[in-house]
Amino acid sequence: METPASAAPQAPAARVFFWVFVLTLIVKVWLGVVVPITNDEAFFTQWGIHPDWGYYDHPPMIGWWLALLVRLSDAPLMLRLPTILLSSVIGLGIVDLLRRVFPQRAPAQAWLAGAVYLMLPVSWIGILVTTDTPLVFFLFCSGYAFVRAALNEGAPDAAAKAGGTLGWTLLCGVFLGLAFLSKYFAVLMGVAYAAALLTERGGFARRFGRLLLIGLAALPFIAENVVYNATHCWNNIMFNLMNRNEDAHFSLDTIATYLVMMAYLITPWVLWRLWGARAELRGALRDGAQAEGGLGGRRVLLLWLAPMLLFLLLSTEKLVGLHWVLGFMPFVLATAGAVLAAPRLRAALKWTAWLSLPHLLLLAVLAHAPLSLWSKYKFHDDLAFLFDARQIAAALHKDLPKDAVIMSMAYSPGVILAYHAREYVPAFGTGRFHARQDDVLVDFRQFDGKPVRIFSRGNDVLNYARPYFREVRTVKFTVDGIDYWYFDGEGFNYAAYREGVLKEIARQFYRIPLPVWGCPFLERYDLAAACGVTLRK
């Protein structure tokens, strides 16, 4: 452990944190205004517009958050506000946690560790609406409560010690349950709790009882999700554990990608310093309450070490996404603040600022340069579609036949158009395993005999859609120099669509190997037999 003698005074470090806090918050607000709504954001906004107890892809928390925000405004800045504030709030939380766990050390380390976290590119770039926003927030709150429970065990008053530890332990479980309702990666934090509690010194019954208490506090939230899934085709269980993992296999490439990604996220200079402090970290794991920081310091270390080792194991068969590990990053920086002296943290902050600079310049160019600058690159058309989506939606409504419904050949452009047109745009065709909330919201029976206008970014709509309409025609239109198409179909044939498309959807995505007490999609179209599912009553 580097000695406090090398630490800078608190006041300058607090000022550094303040300015990093303000500058990164300004950058995030700017990005929240200038970046157009993306595919995933538009998709999750539909969750907020159509609130439910659960959704196809993930547990419901982000939909519940957006259900509140979208009623105030659907402007990008409003929808992104929780994500914009997220890293700022957690930066403050890191400072508070370090000052509580290591009160004997100079406070400069706490302020500087919080500043390094705020300066990480992933902290200030991440302004988009995703399911990771509530996950990261509740994981930090849960981990914070878990550490506070350990700190409370050192209280001199026995009654205060017992009551405080019990309260923080229950709160830890409640936040863990809320994190579970955000994304299933919350389970890894539960594994970290088990690793910490079951390896601490002291009575096993007491430690196991604390772990059981956390589980009981999280149980009502877990139960809500289980009940929803059991009565809704096990939708997000199927999506997360089966449909999206059919291609999983051992790969050295995914392991290497994970290791490089972690070096980027934590930064090489922080990783190097943590490696240099490995003796102190081993001591904290081994000695527990006897080490500096006590059980609290040991728990902070395990809150990121255990999940990231599990992610390493997972990377042997699957590509680990950068956003998967974000919920555990605050505790990495808290550990750095615990074992590194202030000069080391100041150096890390300086190098992290230099790392952030090219990210900032690239985003500024992407946001403000004319789209023609990117005309030679593959991503140009995708970028243009995001910026021009409002004009495209207006073009689709021009001369729209009476009672016609606008659809899209894919989910992603459909939700973007829905956001700008302020009306839901169903997907036409089987689609992919992603974003199948459409199966919950849309009833194709109501379109029988009606005209349908189908949008496509390619001109391949006609042959695919022709069997499901009485008459058809394809129209090309141009926005900002890019060609798009729509297909006008007269007399939608629901019976043919059920046989040709809906049955195929049932076979691909609804072969459910679990007892099913309800499945709106299969029940609506009477397709349970088509995929071999028995609906229990």
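All values reported here derive from a predicted model rather than from experimental measurement.
Without hydrogens or angle criteria, Arg80 side chain to Leu128 main chain gives no donor-acceptor distance under 3.5 Å. Side chain of Gln109 to main chain of Gly337: no donor-acceptor pair is present (N/O by atom type, distance under 3.5 Å, no hydrogens or angles). Side-chain N or O atoms of Trp65 include none that pairs as donor or acceptor with a backbone N or O of Pro82 at under 3.5 Å. Formation of a donor-acceptor pair under 3.5 Å by the Trp53 side chain with backbone atoms of Pro60 is not found in this model. Of the possible donor and acceptor atoms, none in the side chain of Arg507 sits under 3.5 Å from a partner among the backbone N and O of Cys531. Side chain of Tyr419 to main chain of Ala42: no donor-acceptor pair is present (N/O by atom type, distance under 3.5 Å, no hydrogens or angles). Checking side-chain atoms of Thr231 against main-chain N and O of Val227 turns up a donor-acceptor pair under 3.5 Å. Not one N or O on the side chain of Thr133 forms a donor-acceptor pair closer than 3.5 Å with the backbone of Val129. With hydrogens and angles ignored, the 3.5 Å screen pairs a side-chain donor or acceptor of Glu41 with a backbone N or O of Thr38. Judged purely by atom type and a 3.5 angstrom limit, Ser182 uses its side chain to pair as donor or acceptor with the backbone of Leu178.
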Side-chain donor/acceptor pairs under 3.5 Å, residues 139-146, sequence neighbours excluded:
| from | atom 1 | to | atom 2 | distance (Å) |
| --- | --- | --- | --- | --- |
| Ser142 | OG | Cys172 | O | 2.8 |
| Ser142 | OG | Tyr193 | OH | 2.5 |
| Tyr144 | OH | Asp96 | OD2 | 2.4 |
| Tyr144 | OH | Arg100 | NE | 3.3 |
| Tyr144 | OH | Arg148 | NH1 | 3.0 |

Would you list the atom pairs, donor with acceptor, under 3.5 Å between side chains in residues 357-373 and any protein atom, with sequence neighbours excluded?
| from | atom 1 | to | atom 2 | distance (Å) |
| --- | --- | --- | --- | --- |
| His359 | ND1 | Leu355 | O | 2.8 |
| His359 | NE2 | Tyr264 | OH | 2.8 |
| His368 | NE2 | Trp30 | NE1 | 3.1 |

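Side-chain atoms of Thr199 and Arg298 include a donor-acceptor pair closer than 3.5 Å. In this structure, a donor-acceptor pair under 3.5 Å is absent between the side chains of Thr267 and Trp272. In summary, the side chains of Ser315 and Thr254 do not present any donor paired with an acceptor at a separation below 3.5 Å, with no hydrogens or angles considered. With 3.5 Å as the limit, one finds a donor-acceptor pair spanning the side chains of Asn236 and Asn229. No side-chain donor from either of Tyr484 and Asp381 sits under 3.5 Å from a side-chain acceptor of the other. Side-chain N/O atoms of Lys28 and Thr83 include no donor and acceptor closer than 3.5 Å. Between the side chains of Trp124 and Ser87, no donor-acceptor pair of N or O atoms lies under 3.5 Å.
Scored by the side-chain contact (heavy atoms from CB on, under 4.5 Å) test, Ser408 finds Pro413, Val425, Phe455 as partners (sequence neighbours excluded).
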- Checking side chain to side chain donor-acceptor pair (under 3.5 Å) for the pair Asn235/Tyr228: CA distance, chi angles, key distance, verdict? CA-CA 9 Å; Asn235 274 346; Tyr228 173 83; 4.8 Å; no
- Would you sort out whether Phe185 and Phe311 count as a ring pair (Phe, Tyr, Trp, His ring centres under 6.0 Å), showing the intermediate values? CA-CA 10 Å; Phe185 287 130; Phe311 277 126; 5.7 Å; yes
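More than 12 heavy-atom neighbours from other residues, nucleotides or ligands sit within 6.0 angstrom of CZ on Phe379.
In this pair, Trp269 and Trp351 present their aromatic rings tilted. The plane angle is within the 30 to 60° band. Between Tyr55 and Trp47, the two ring planes are parallel [angle under 30°; tilted spans 30° to 60°].
Remark: Arg432 fails to qualify as a cation-pi partner of Tyr411 under the 6.0 Å distance and 45° angle criteria applied to the six-membered ring.
Between Asp57 and Lys183 there is no salt bridge, since no side-chain nitrogen of the basic residue lies less than 4.0 Å from a carboxylate oxygen of the acidic one.
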